[in-house]
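Because only heavy atoms are used, hydrogens play no part in the values below, and waters and symmetry mates are left out as well, while side chains stay in. Residues: numbered from 1 along the sequence shown.
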Amino acid sequence: MAKAEAHLALSRLDDPRRQAARARARTGDPEATARRAAAAALEKKAGDVVLIDLRQHSSYADFLVVCSGTNDRQLEAIAEGVEKSLREAGETPIGTEGARGGRWVLLDFGDVVVHVFAEDERAYYDLEGLWSDAPVEHIQGVA
């Protein structure tokens, strides 16, 4: 199967390969993974970092980590920093979308999905508003 076809198949929720990849990516402690991702984003000066707890609201992930960057370079640096930190902790992403000059980078770690937005994109998609019934925690950096 060609790479594009494999990617398309993995984007279908009912595809057995996607389900197997998601099962392999399950983290031992999704909250700790989400907090590690948030800390890594803050190390790269991400703005307005939030954890959205989806455990009682969604079956596709337990946590979303949402943060902002001010320019394309910073978005890329934040995403790379998060991915590196989680890989060092033994977490492997199922997939990534939007790197290299994108205005929104998504890192899918199974139980934890990280969204790194340009500020205007974040306001437009408003994930916090979409999940307004879920608990949201604003993560502050160490001063």
Side-chain angles (χ1 to χ4, degrees), residues 4-143:
E5 291 172 337
H7 180 72
L8 181 61
L10 288 176
S11 70
R12 291 185 30 225
L13 294 176
D14 62 340
D15 187 272
R17 288 169 295 170
R18 178 186 173 84
Q19 293 168 354
R22 198 157 273 298
R24 284 191 307 273
R26 293 286 179 213
T27 62
D29 185 350
E31 184 171 355
T33 300
R35 290 186 183 284
R36 183 179 184 103
L42 285 169
E43 285 179 15
K44 297 297 182 180
K45 310 293 188 230
D48 195 15
V49 179
V50 298
L51 295 183
I52 303 174
D53 184 345
L54 299 179
R55 290 177 286 192
Q56 301 299 315
H57 302 276
S58 172
S59 61
Y60 87 91
D62 288 343
F63 286 90
L64 296 182
V65 178
V66 182
C67 62
S68 301
T70 57
N71 59 57
D72 294 351
R73 259 185 113 147
Q74 187 187 22
L75 295 178
E76 190 174 319
I78 293 167
E80 288 174 0
V82 168
E83 185 172 355
K84 180 181 179 202
S85 178
L86 293 185
R87 280 186 185 275
E88 288 172 353
E91 305 297 342
T92 304
I94 292 173
T96 62
E97 296 290 332
R100 293 275 179 219
R103 307 279 299 155
W104 175 7
V105 180
L106 181 146
L107 304 167
D108 184 350
F109 286 91
D111 292 332
V112 177
V113 178
V114 180
H115 296 272
V116 184
F117 283 103
E119 292 171 351
D120 50 341
E121 265 34 65
R122 182 174 180 170
Y124 178 80
Y125 288 102
D126 189 25
L127 292 182
E128 292 96 329
L130 179 67
W131 293 105
S132 62
D133 56 340
V136 174
E137 180 182 348
H138 291 268
I139 306 297
Q140 303 297 317
V142 177

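Residues Val66 and Ile52 form a side-chain contact, since some pair of their non-hydrogen atoms from C-beta on lies under 4.5 Å apart. Between Phe63 and Leu54, every side-chain heavy-atom pair lies at or beyond the 4.5 Å cut-off. Side-chain atoms of Val105 and Phe117, non-hydrogen and from C-beta on, never get closer than 4.5 Å to each other. Side-chain contact between Lys45 and Thr70: absent, with no pair of heavy atoms (C-beta onward) separated by less than 4.5 Å. The shortest distance between side-chain heavy atoms of His138 and Val49 does not fall below 4.5 Å. Under the 4.5 Å side-chain criterion, counting only non-hydrogen atoms from C-beta, Val82 is not in contact with Lys84.
Nearest heavy-atom pair across Ala37 and Val114 is CB-CG2, 3.9 Å. Residue Glu83 comes nearest to Pro93 through the heavy atom pair OE2-CG, 3.7 Å, listed as atom of the first residue, atom of the second, then distance. When all heavy atoms of Pro30 and Val112 are compared, the closest pair comes out as O-CG2, 3.4 Å. What you find for Gln74 and Ala46 is that their closest heavy atoms are NE2-N, 4.0 Å.
Residues satisfying the salt bridge (charged side-chain N to carboxylate O under 4.0 Å, His left out) test with Asp133, not counting sequence neighbours, are none. Under the side chain to side chain donor-acceptor pair (under 3.5 Å) criterion, Arg35 pairs with Glu31, Glu137, sequence neighbours left out.
From Glu119, atom CD reaches atom OG of Ser68 across 5.5 Å, with rounding to the nearest 0.5 Å. Considering CG of Asp62 and CG of Leu51, their distance stands at 12.0 Å, rounded to 0.5 Å. With values rounded to the nearest 0.5 angstrom, Asp53 atom CG is found 4.0 Å from Arg55 atom CZ. To the nearest 0.5 angstrom, Ile94 atom CD1 is 11.5 Å from Leu107 atom CG. Considering OG1 of Thr92 and CG of Asp108, their distance stands at 12.0 Å, rounded to 0.5 Å. Taken to the nearest 0.5 Å, the CG atom of Leu64 stands 6.5 Å off from the CG atom of Leu127.
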Side chain to side chain contact (heavy atoms under 4.5 Å, CB included) between Val50 and Ile139, worked out: CA-CA 6 Å; Val50 298; Ile139 306 297; over 6 Å; no
Between Trp131 and His57, does the side chain to side chain donor-acceptor pair (under 3.5 Å) criterion hold? Intermediate values first, please. CA-CA 8 Å; Trp131 293 105; His57 302 276; over 6 Å; no
Could you walk me through whether His115 and Val65 satisfy the side chain to side chain contact (heavy atoms under 4.5 Å, CB included) test, starting with their C-alpha distance in whole Å, then the side-chain angles of each, then the deciding distance to 0.1 Å, before giving a yes or no? CA-CA 6 Å; His115 296 272; Val65 178; over 6 Å; no
Decide side chain to side chain contact (heavy atoms under 4.5 Å, CB included) for Thr33 and Leu86; before the verdict, give the C-alpha distance in whole Å, the side-chain angles of both, and the deciding distance to 0.1 Å. CA-CA 7 Å; Thr33 300; Leu86 293 185; 3.9 Å; yes
Working for side chain to side chain contact (heavy atoms under 4.5 Å, CB included), residues Asp48 and Cys67: CA-CA 6 Å; Asp48 195 15; Cys67 62; over 6 Å; no
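Of the charged side-chain nitrogens involved, none lies within less than 4.0 Å of a carboxylate oxygen, so that Glu91 and Arg87 do not count as a salt-bridged pair. Salt-bridge annotation for Lys44 and Glu80: absent, with no side-chain N of the basic residue lying under 4.0 Å from a carboxylate O of the acidic one.
Within 6.0 Å of the CD atom in Glu88, the count of heavy atoms belonging to other residues, nucleotides or ligands exceeds 12.
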